[in-house]
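Sequence positions, counted from 1, serve as the residue numbers for this chain. Being a predicted model, the structure only gives us computed values, none of them experimental.
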Amino acid sequence: GVEVVLSSAFESGIALSHYALYASVLAQSQDVCHGLGTFDRLQDDMLDPPMAASVRGGRVSVLECQRHLTNLANTIRQCPHIEEPRQTSTRAEPVEGMSAEEVEQAEMMKKFGFS
């Protein structure tokens, strides 16, 4: 087993909150130190309160990160010039002779914008 460690390079609190959530899922032990402390190098943060408020004793509060991201998403939804994303089908049209695996792969490609 290889231990995965995340590191950041001068991201705002928005990206760091995502990284913190991801790091919490990857954590194999409490002793892993991910490199997410670059927020203190920035003069301002896009989060309010800033990312620094979610860090205590060198540990990030994952719950506060999730709260930051939820609040940000709610704020964006309230902007009058922002439209809700349209739901599009990610189902690939099966082609005769395609295996179930090929259909699944085609659906994944369509989901991520490849036609």
Side-chain angles (χ1 to χ4, degrees):
V2 176
E3 193 164 44
V4 176
V5 177
L6 296 179
S7 188
S8 63
F10 306 112
E11 271 81 42
S12 73
I14 296 169
L16 291 172
S17 290
H18 281 95
Y19 288 158
L21 293 172
Y22 187 49
S24 73
V25 173
L26 290 175
Q28 296 172 355
S29 75
Q30 293 291 330
D31 299 329
V32 176
C33 292
H34 297 281
L36 305 181
T38 57
F39 63 87
D40 63 355
R41 303 282 190 248
L42 302 176
Q43 182 175 347
D44 295 313
D45 195 345
M46 296 180 72
L47 293 179
D48 184 26
M51 180 69 177
S54 299
V55 180
R56 290 176 200 80
R59 295 200 179 266
V60 177
S61 168
V62 175
L63 291 175
E64 287 184 30
C65 288
Q66 181 61 55
R67 199 172 304 124
H68 284 310
L69 296 173
T70 299
N71 290 342
L72 180 63
N74 290 336
T75 299
I76 291 170
R77 282 189 196 101
Q78 293 172 5
C79 292
H81 58 281
I82 303 289
E83 292 182 25
E84 285 290 324
R86 292 185 207 137
Q87 295 296 324
T88 58
S89 171
T90 58
R91 304 291 299 173
E93 295 298 321
V95 175
E96 190 174 327
M98 286 178 73
S99 69
E101 185 178 317
E102 290 170 322
V103 171
E104 183 179 350
Q105 184 178 17
E107 288 174 355
M108 286 296 274
M109 297 290 282
K110 187 173 179 185
K111 179 178 180 179
F112 292 106
F114 300 100
S115 321

Where [X] and [Y] come nearest, the two heavy atoms and their spacing:
| X | Y | answer |
| --- | --- | --- |
| Glu64 | Ala53 | OE1-O, 3.4 Å |
| Ala20 | Val62 | O-CG2, 4.2 Å |
| Val60 | Cys65 | CG1-SG, 3.4 Å |
| Met46 | Ile14 | CB-CD1, 3.9 Å |
| Leu6 | Tyr19 | CD1-O, 3.6 Å |
| Ser8 | Leu16 | OG-CD2, 3.4 Å |

- Heavy-atom donor-acceptor pair, Asp45 side chain to Met51 backbone, under 3.5 Å: yes
- Message: When you measure from the side chain of Gln78 to the backbone of Ile76, do you find a donor-acceptor pair of N or O atoms at a distance under 3.5 Å?
- Response: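 Not a single qualifying donor-acceptor pair exists.
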- Note on the structure: To the nearest 0.5 Å, atom CG of Asp44 lies from atom OG of Ser12 at 11.5 Å
- Task: Look up atom CG in Leu69 and atom CG in Leu21, then write down how far apart they are to the nearest 0.5 Å.
- Result: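 Those atoms lie 6.0 Å apart.
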- Message: Are the side chains of His68 and Pro49 in contact, using a 4.5 Å heavy-atom criterion?
- Response: yes
- Message: Contact between Ser17 and Gln66 at the side-chain level, heavy atoms closer than 4.5 Å - yes or no?
- Response: no
